[in-house]
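Here the structure is laid out as structure tokens; the discussion comes afterwards.
Being a predicted model, the structure only gives us computed values, none of them experimental. So that the names make sense, note that chain A is the first sequence line, chain B the second, and so on, each numbered from 1. In what follows, every heavy atom counts, from backbone to side chain, and hydrogens, waters and symmetry copies are set aside.
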Amino acid sequence: MADAASPSPTEGPFARVETQNVDFPALERAILKFWDENGIFEKRQGLNRGKPKWSFLDGPITANNPMGVHHAWGRTYKDAYNRYFAMTGHDLRYQQGFDCQGLWVEVEVEKELGLKNKRDIENLVPGDTQASIGRFVQACKDRVNKYARVQTDQSIRLGYWMNWDRTDADWAKTPDERKSYFTMSEENNYTIWSFLKKCHAEKKILYRGYDVMPWCGRCGVGISEMEMKEGYRYVEHKSVFVKFPLKDRPGENLLIWTTTPWTLTSNVGAAVNPELTYLKVKLKSEVYYVAKGAFKLNRMEASSAEDEDGPALTTGKKKTREWIDGVPHLSSIEQHFKSKAGKDGYEIVGEVKGADMLGWEYVGPFDDLPAQKYPGGYPEGVAKKREQLHALLQEEYFYDPASGEVKNPTLDPTLKPACDMHRVVAWKDVGETEGTGIVHIAPGCGKEDFQLGKEQSLPSVAPIRDDGTFIEGFGEFSGKNASDPTLVDAVFEGLKAKDRLFVTERYVHRYPHCWRCKTELLYRLVDEWFINMGPKQSEEGFRGDIMKVVDQVTFLPESLNGRARERDWLRNMGDWMISKKRYWGLALPIWVDPEDPTDFEVIGSKEELKARAVEGWTEFEGHTPHRPWVDQIKILNPRTGRLMSRIPDVGNPWLDAGIVAFSTLGYNTDRAYWRKWYPADFITESFPGQFRNWFYALLALSTMMSDGEPPFKTLLGHGLVRDEHGKEMHKSAGNSIEFNRAAEELGADAMRWLYCRANPATNLNFGPGPINEVRAKFVIKLWNCYGFFANYASLDGFDPAAPQVPVEDRAAIDRWLLSDLQLLIKKAREEFEVFNVMGFCLATEEFVDAKLSNWYIRRNRDRFWSKNTELDATGSRDKLAAYQTLHTVLLDLCRLCAPIVPFLTEVMWKNLRGGAGAESVHLTDYPTSDESLIDSELSQDMEAVLRIVSLGGAARNAAKHKVRQPLAELRVQPGSDADHRAVERFPDLITEELNVKRVTLHTASDPMLRSIAKLNKKTAAAKLGAKLKEAEAALDRMDGTKVAEELRGGTFILVGVALDVADVTIGYLAPDGWAGVVDNRTQVMIDARLTPELKAEGIARDVVRSVQDARKTAGLDVADKIALFLGTESDTLKAAITAHRPTIASETQAVQWADAPLNGDAHTAAVKVDGQPLTIALRKV
RNA sequence: GCGCGUAUAGCUCAGUUGGCUAGAGCGCAGCUCUGAUAAAGCUGAGGUCCUUGGUUCGAAUCCAAGUACGCGCACCA
């Protein structure tokens, strides 16, 4: 089968083509070999060298696992557009990229090595952290190299033309020296350094942030905003209502509610909304404060909030909250009170404004913990850093509404411990649709809490370390993990012991999880590095600069509003957290003074580092700028004279991918080259997520590096690949499909066509079903057209080099096909230029199916079958014209489709070119339409022919005569000029296709068919009731044409009842002996009467058909001659056979007639024709 | 909660600046054709064009409100 890819030299210019059970994957492998052995890709590059450039920038694929079929969608687009622009004479870079660094690789390597946490990693070489990190980082590099190579092989199999690293020698090189780009390359890392340097030195937007951030205790890493979006899920937690006894109001309590009981250990304050009203609820001997609006609230209704004052306006149904089956629904706070009170009941004893509660002091839930008693918050280092941060931000003075004083915390020597600071503070964001309207504030455990703590001068108590466990100072909790359920129980026990526990409940909410390892995130006070994006919700600062760039690029497909989405993300995102407390990644080039954490420097290049290094350079030299080697370098602080150390953090991996418009184009090493290729003309990736990931990072880094020049002109996004039934593909669900399996079982071309014909704006259903559909719809159909041509051309000795019959001398159907081909070429170019291959594919399917296969070839078969020896000069010329037309169309189709299905078209091309022309279709130019061949009237007329033929078929059906039975006449009342012309220009096409003797026109002005109106009893019966019979009779007497007109006009009254279009069916009646149908204004009828002559002819055709069948089952070749015996007792059959003997003989290639049954090796068959038995016997002669 | 989008046959979707009896492919049933075609053709069953109201001679199409779904954003105790 592999040989099928190359024409056999023994059979003239065209090789025979197999049309059954074609093994497309085998052909694809043969083509890969052909490209490889003949350097086709290199030749293509050679042809385009020096031509106008077309700059494509590849978004790096994560080299962490083998490719999935979902990757193949985007890669197919990338290759298709690359190939199109190559065939239209553009110089391309053909550089593909791998994303190498980051937590996703680390997590896989941890799994491989059986490591559970950071401590395991740092102890890979027992007792030697540096060596351990070194070994771990090496393992990460190894994994990336391994899968980059796997993905390379897979991409090659897909037909993706890039400058790949193919040999062992290629892969032995450093990432910097390879053809593909790697984000772990030195160039990439150092270029990010220059970006960060620019952020710091020029724009002053890099800062050390001391904030509460979501944290993954398993990975030991802060989670950035963009990562957090990936991890929200609905989960059940234990929530709790807790009493905070008020110090100066004996027997009175604040009632607070929280879903994170572990944070109660670090409670510092309680926040109320000064605007809200709070109830004093008396239960037994104690009083509780609860927000008035919260008290009776149905907590299962999703918070639709504050239209309490307009009950008449609340028309819409309230939505119920997302909930998990099996978890009890929430009770209202009032219900909790009722059930606690029993039959005594509770009592509302007063109301108080939130503003009047400010400053009230209370007893905290865990004031006995050492951490709560520590002066200035806990731990000491935390408090110290906070002071320094305040100094840094120059927030020297605070207005403290609790005391009414202006305070300066940096100068305040008596910072109190947390337990002495418990008081009610104001927070305008407190609502009453969730909780009790009084919020427990733990500045060390929540983002808003921390912010509020800063504003209100509350100390922070930060309880957990980087693995999620409690630090010392938290009594029995120390050492336990904050997300451990038993810890929650311990908290509840502790509260119960002090009679602080009001009630607990099971609660369902959306909670963030680590996007990589699915662990629940905790909010933790951390020390991370940020890029200041400028004021949120504004268009100022860095975010504003990026927005200006966003406004200059094109986002496709339009319906997705990509620009609006990107702008939306830019408006809302917080400052960009770029640090990760991990191992495998960009070494953030930030060196900090050991005594003063706010004194830092950013290094912008390897050279600068070398110049500044005062220690560790020798150990570092020769290594990539990764941990642990780069960690050893110290630089001198010119201000203090102390040695500065690099922060141990690595960078957010989106920095790695975001810099590639600079790093891969040699921005820092060959500025002219960069200038030539920047910006990219085109990028394309799957859009979900990328507006906040690659698209964002690329735009952000490019805006900074280029001072506002867009990194690309056009971005094409596409959806997700789903399984055959539209479900998300997951390895765990067992419905994901490996790329290799798909390519080998389904074929890369079929996959590529499926991807290209799909709408990029929607998700795509992938699987054997959809693939088989496109294969049947397009691949096999095109292949069969090709096979038809090649097989007859080979048999017939068609000479592709023969002088072309001038197009104007060719048959109209030839000119029609060539005209429509030009239209397709125009369409192809238009659609590729606007990055809409879908439009091209759908148009091509239509062309191949409706025009080429089902009309041109079907209608012209006898021109190809005609025997050379029997043709005169005109006939030969006509046959040549047919071959040339079909040959041209197939060659152009090859070139048109080559970017989409490079294998199929290559196989076809290699055979069709007949030894002439380019050795590969991919070395040809993309077709250009020839305007002189476009004949739009001809196109319209042929369309009319197809319409009339279709109607004629329907009329035949109504007449109940199969197509083999010749009929006398088809009569057409044209509904348009094109219909009219079609009958006059192409009577032969119509009569042959419909097997009628003649086609005639009905040109009289009255309708050819009489309209008949009939009641649609289903709908009309209800309206007419008892008058139904009467109405039917009345309708029978009416003129159907008039009824139809009245119905169209809208008013039709029958026996006093108004009926509409649906109540009446209009049928059409042909004269006796005829059958007619109507479509719009075109009417067609067929003469259904059989004469004895027509009947005999029909029988003869049935006989021919039966003999052909017998030939086929006898295994004869088309060209084989036979001796034929036809035996029957039926006089009708005998007469028909005798009358049509010459036709039967020529159709079946019978050169001898036998009067008696053939004996011996003859093939016999017993069939029925016209209901009568017929014996067929034939033998090859 | 805010914003954007979508809603048409069992499934996947077309349906242009409003226009006459709303279409295609797949699937289903029947018929047919077949010496390129495991292909194809024809017919049939199957529709509340999400709902309601409005504009209009006329609405799947335009407008408004509602409902459902999807996506993005926000997510708090």
Original post:
Can A:Gln965 and A:Asn995 be counted as having a side-chain donor-acceptor contact under 3.5 angstrom?
Top reply: no

Original post:
Quick one: A:Leu521 CG to B:C75 P, roughly how many Å, whole number?
Top reply: 14 Å

**OP:** Indicate, with a heavy-atom threshold strictly under 4.0 Å, whether A:Asn791 touches base, sugar-phosphate, or nothing.
**Re:** nothing

Original post:
When all nucleic acid strands are considered with a 4.0 Å heavy-atom cut-off, which category describes A:Glu225: base, sugar-phosphate, or nothing?
Top reply: sugar-phosphate

Original post:
Whole-Å distance between B:U37 C1' and A:Tyr786 OH?
Top reply: 15 Å

Original post:
For B:A36, does OP1 or OP2 lie under 4.0 Å from any side-chain N or O of A:Tyr792?
Top reply: yes

**OP:** Pick the C1' atom in B:U67 and in B:C31, then give their distance to the nearest Å.
**Re:** 44 Å

Subject >> d(CZ, A:Arg16; P, B:G35) in whole Å >> reply: 16 Å

Original post:
Taking atom C1' in both B:C49 and B:C42, what distance in whole Å separates the two?
Top reply: 27 Å

Original post:
Does B:A24 pair with anything, Watson-Crick or G-U wobble, both distances under 3.5 Å, and if so, with which nucleotide?
Top reply: B:U12

**OP:** Answer with base, sugar-phosphate or nothing: what part of the nucleic acid does A:Phe789 contact at a heavy-atom distance below 4.0 Å?
**Re:** nothing

Original post:
Within this structure, what is the CG-to-P distance between A:Asn693 and B:G72, rounded to whole angstrom?
Top reply: 12 Å

**OP:** Describe the nucleic acid contact of A:Val430 in one word from base, sugar-phosphate, nothing, applying a heavy-atom distance below 4.0 Å.
**Re:** base

Original post:
Looking at B:A40, B:A14, B:A77, which one has an atom nearest to any side-chain atom of A:Asn854?
Top reply: B:A40

Original post:
Of A:Phe788, A:Phe864, A:Phe798, which meets ring-ring contact (aromatic ring centres under 6.0 Å, His included) against A:His887?
Top reply: A:Phe798

Subject >> Separation between the C1' atoms of B:A59 and B:U16, rounded to whole Å >> reply: 15 Å

Original post:
Taking atom C1' in both B:A60 and B:G3, what distance in whole Å separates the two?
Top reply: 26 Å

**OP:** Indicate yes or no: at least one non-hydrogen side-chain atom of A:Tyr696 is less than 4.5 angstrom from one of A:Phe691.
**Re:** no

Subject >> Whole-Å distance separating the CG atom of A:Leu970 from the P atom of B:C42 >> reply: 15 Å

Original post:
What distance, rounded to whole Å, do you find between the two P atoms, one in B:C13 and one in B:A29?
Top reply: 24 Å

**OP:** Tell me what A:Asp429 touches on the nucleic acid: a base, only sugar-phosphate, or nothing, going by heavy atoms under 4.0 Å.
**Re:** base

Subject >> Who pairs with B:U17 - Watson-Crick or G-U, where each distance is under 3.5 Å >> reply: none

Subject >> Modelled atom types, side-chain donor and acceptor of A:Gln451 and A:Trp427, under 3.5 Å >> reply: no

**OP:** Identify whether any heavy atom of A:Arg1105 sits under 4.0 Å from a base atom; if not, whether one sits that close to sugar-phosphate; answer base, sugar-phosphate or nothing.
**Re:** base

**OP:** Would you mind reporting whether A:Val996 and A:Pro966 have side-chain heavy atoms less than 4.5 Å apart?
**Re:** no

Original post:
Quick one: does A:Arg565 reach the base of B:G72 with a side-chain donor-acceptor pair under 3.5 Å?
Top reply: no

Original post:
Does A:His509 place a side-chain N or O at less than 4.0 Å from the phosphate oxygens OP1/OP2 of B:C76?
Top reply: no

Original post:
Can you tell me how far P in B:U61 sits from the matching atom in B:A7, rounded to whole Å?
Top reply: 11 Å

**OP:** Would you confirm whether the ring centroid of A:Trp257 sits within less than 6.0 angstrom of the ring centroid of A:Tyr507?
**Re:** yes

Original post:
What does A:Gly431 touch in the nucleic acid at a heavy-atom separation under 4.0 angstrom: a base, only the sugar-phosphate, or nothing?
Top reply: base

**OP:** Have a look at A:Ile857 and say if it touches a base, only the backbone sugar-phosphate, or nothing, with a 4.0 Å heavy-atom cut-off.
**Re:** base

Original post:
For B:C76, does either OP1 or OP2 sit under 4.0 Å from a side-chain N or O belonging to A:Tyr232?
Top reply: yes

Subject >> Counter-base of B:G72, judged by Watson-Crick or G-U geometry with both distances under 3.5 Å >> reply: B:C2

Original post:
Do A:Tyr786 and A:Asn791 meet the criterion of a side-chain donor-acceptor pair at a distance under 3.5 Å?
Top reply: no

**OP:** Under 4.0 Å between any heavy atoms, over every strand shown, what does A:Ser853 touch: base, sugar-phosphate, or nothing? Just pick one.
**Re:** base

Subject >> Distance below 4.0 Å between A:Arg964 side-chain N/O and B:U34 OP1 or OP2 >> reply: yes

Original post:
Within this structure, what is the CZ-to-C1' distance between A:Arg567 and B:G3, rounded to whole angstrom?
Top reply: 15 Å

Original post:
Does A:Thr259 make a side-chain N or O approach to OP1 or OP2 of B:A77 shorter than 4.0 Å?
Top reply: yes

Subject >> A:Asn572 side chain, from C-beta outward: closest of B:A14, B:C73, B:A77 >> reply: B:C73

**OP:** Examine the side chains of A:Ser266 and A:Thr263 and answer whether a donor and an acceptor come within less than 3.5 Å of each other.
**Re:** no

**OP:** Go through B:U34, B:A36, B:G35 for me and flag the one nearest to the A:Arg1111 side chain.
**Re:** B:G35

**OP:** Once you apply the 3.5 Å cut-off to both distances, tell me the Watson-Crick or G-U wobble partner of B:U67, or none.
**Re:** B:A7

Subject >> Nucleotide B:U12, atom C1' - distance to CZ of A:Phe766 in whole Å >> reply: 17 Å

**OP:** From the options B:C73, B:A36, B:G35, select the nucleotide whose nearest atom is closest to the side chain of A:Phe788.
**Re:** B:A36

**OP:** Please determine which of A:Val1084, A:Val945, A:Leu946 meets the side-chain contact (heavy atoms from CB on, under 4.5 Å) test together with A:Ile990.
**Re:** A:Val945

Subject >> Pairwise P distance, B:G25 and B:G66 [rounded to whole Å] >> reply: 39 Å

Original post:
If you look at every strand shown and take non-hydrogen atoms under 4.0 Å, does A:Arg692 touch a base, only sugar-phosphate, or nothing?
Top reply: sugar-phosphate

Subject >> B:G44 versus B:C50 - spacing of their P atoms, nearest Å >> reply: 25 Å

**OP:** Figure out the CD1/P separation between A:Ile771 and B:G25, and round it to whole Å.
**Re:** 21 Å

Original post:
Are any of A:Lys781's side-chain N or O atoms less than 4.0 Å away from OP1 or OP2 of B:A40?
Top reply: yes

Subject >> Complement of B:C33, any strand, by Watson-Crick or G-U distances under 3.5 angstrom >> reply: none

Original post:
Taking the side chain of A:Asn784 as its heavy atoms from C-beta onward, which of B:A36, B:G72, B:A77 lies nearest to it?
Top reply: B:A36

Subject >> Any N/O donor-acceptor pair, A:Arg861 side-chain to B:U37 base, under 3.5 Å >> reply: yes

